[in-house]
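Have a look at the structure below, then the notes.
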Amino acid sequence: MRQARNLSNLRCAVILTALPIEYSAVRAHLAHLREEVHPQGTIYERGVFSAASGDWEVGIAEIGAGNAGAAMETERAVEYFNPRIALFIGVAGGIKDVAIGDVVAATKMYGYESGKAEATFRPRPDVGNTSYAMEQRARTEARKDDWLRRIGASIPTPARVYGSARSPLAKK
């Protein structure tokens with residue numbers, strides 16, 4: 001059931017988080033916040049993110065941990081907002097050697113939980129690759145410094161941008 005849609009001429013994005021601290025960090029960058037309740041019960045906040053390239057209308061939700069729930073909530077939010085882009089913002093708890101402020105852009109996604117249940121579990125991991133266009137966008141944005149100015153002194157060390165293989169996408 002599609003209801004919300006983009007209410008203005010602004011570009012629209014959806015940002016989902018698992019944890020309250022992640023949600024608060026995203027929310028701090030939005031203005032004109034208002035609450036919206038999806039017919040299925042998900043509570044979003046919709047606000048405006050202002051950037052040098054123009055403003056974005058952004059729907060945000062804290063969806064909790066778990067792959068199945070994240071997939072369902074992502075589908076729901078995409079159907080509801082019809083965004084140009086959907087992001088999951090988090091602390092990258094599964095990736096070591098990243099610091100607060102670092103950006104990790106997935107280049108590969110591993111479905112490590114799939115498999116066949118027999119006498120013993122037989123894993124059948126699935127691997128998906130990011131599209132070439134998405135990886136190119138991540139590399140291009142990593143080279144820019146406007147996002148570094150935006151987070152400024154709020155982080156303890158200079159931010160870096162990584163691919164999911166933990167290799168830098170751009171040198172800072």
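Counting begins at 1 with the first residue of the sequence.
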Problem - Cationic N near anionic O, under 4.0 Å, Glu79 to Arg76 - result: no

First locate atom [atom1] of [X], then atom [atom2] of [Y], and finally report the distance between them rounded to the nearest 0.5 Å.
{"X": "Glu35", "Y": "Tyr44", "atom1": "CD", "atom2": "OH", "answer": "12.5 Å"}
{"X": "Ile85", "Y": "Trp56", "atom1": "CD1", "atom2": "CH2", "answer": "6.0 Å"}
{"X": "Arg11", "Y": "Arg84", "atom1": "CZ", "atom2": "CZ", "answer": "6.0 Å"}
{"X": "Glu57", "Y": "Phe81", "atom1": "CD", "atom2": "CZ", "answer": "8.0 Å"}
{"X": "Ile63", "Y": "Thr74", "atom1": "CD1", "atom2": "OG1", "answer": "5.0 Å"}
{"X": "Thr140", "Y": "Glu135", "atom1": "OG1", "atom2": "CD", "answer": "10.5 Å"}

Practice task
Name all pairs fulfilling the salt bridge (charged side-chain N to carboxylate O under 4.0 Å, His left out) condition that reach into residues 12-27, sequence neighbours left out, sorted by first residue then second.
Solution key: Arg27-Glu45

Problem - Pairwise salt bridge (charged side-chain N to carboxylate O under 4.0 Å, His left out) hits with a residue in residues 59-68, at least two apart - result: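 Listed once each, the pairs would be none.
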
Practice task
In sequence, state the C-alpha distance, the side-chain angles, and the governing distance for Glu36 and Arg34, and then conclude on side chain to side chain contact (heavy atoms under 4.5 Å, CB included).
Solution key: CA-CA 7 Å; Glu36 293 185 26; Arg34 62 194 177 281; 4.2 Å; yes

Please determine whether residues [X] and [Y] belong to a single hydrophobic cluster, defined as Ile, Leu, Val, Met, Phe, Trp and Tyr linked transitively by side-chain heavy-atom distances below 4.5 Å.
{"X": "Ile60", "Y": "Phe49", "value": "yes"}
{"X": "Leu87", "Y": "Tyr23", "value": "yes"}
{"X": "Tyr80", "Y": "Val14", "value": "yes"}
{"X": "Leu33", "Y": "Ile15", "value": "yes"}
{"X": "Ile89", "Y": "Val58", "value": "yes"}

Taking every non-hydrogen atom, the tightest pair across [X] and [Y]:
{"X": "Ala61", "Y": "Thr42", "value": "CB-CG2, 4.4 Å"}
{"X": "Val78", "Y": "Ala86", "value": "CG2-CB, 4.2 Å"}
{"X": "Ala77", "Y": "Pro83", "value": "O-CD, 4.4 Å"}

Practice task
Count the heavy atoms belonging to other residues, nucleotides or ligands that lie under 6.0 Å from CD of Gln136, then report whether that count exceeds 12.
Solution key: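 Yes, the 6.0 Å shell around CD holds more than 12 heavy atoms from other groups.
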
Problem - Minimum side-chain heavy-atom gap Thr17-Val26 below 4.5 Å - result: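 Yes, their side chains come closer than 4.5 Å.
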
Exercise for the section: Check whether any side-chain N or O of Ser24 sits under 3.5 Å from a backbone N or O of Pro20 as a donor-acceptor pair, and report yes or no. Expected result: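 Indeed, once roles are kept as given, a pair shorter than 3.5 Å links the two residues.
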
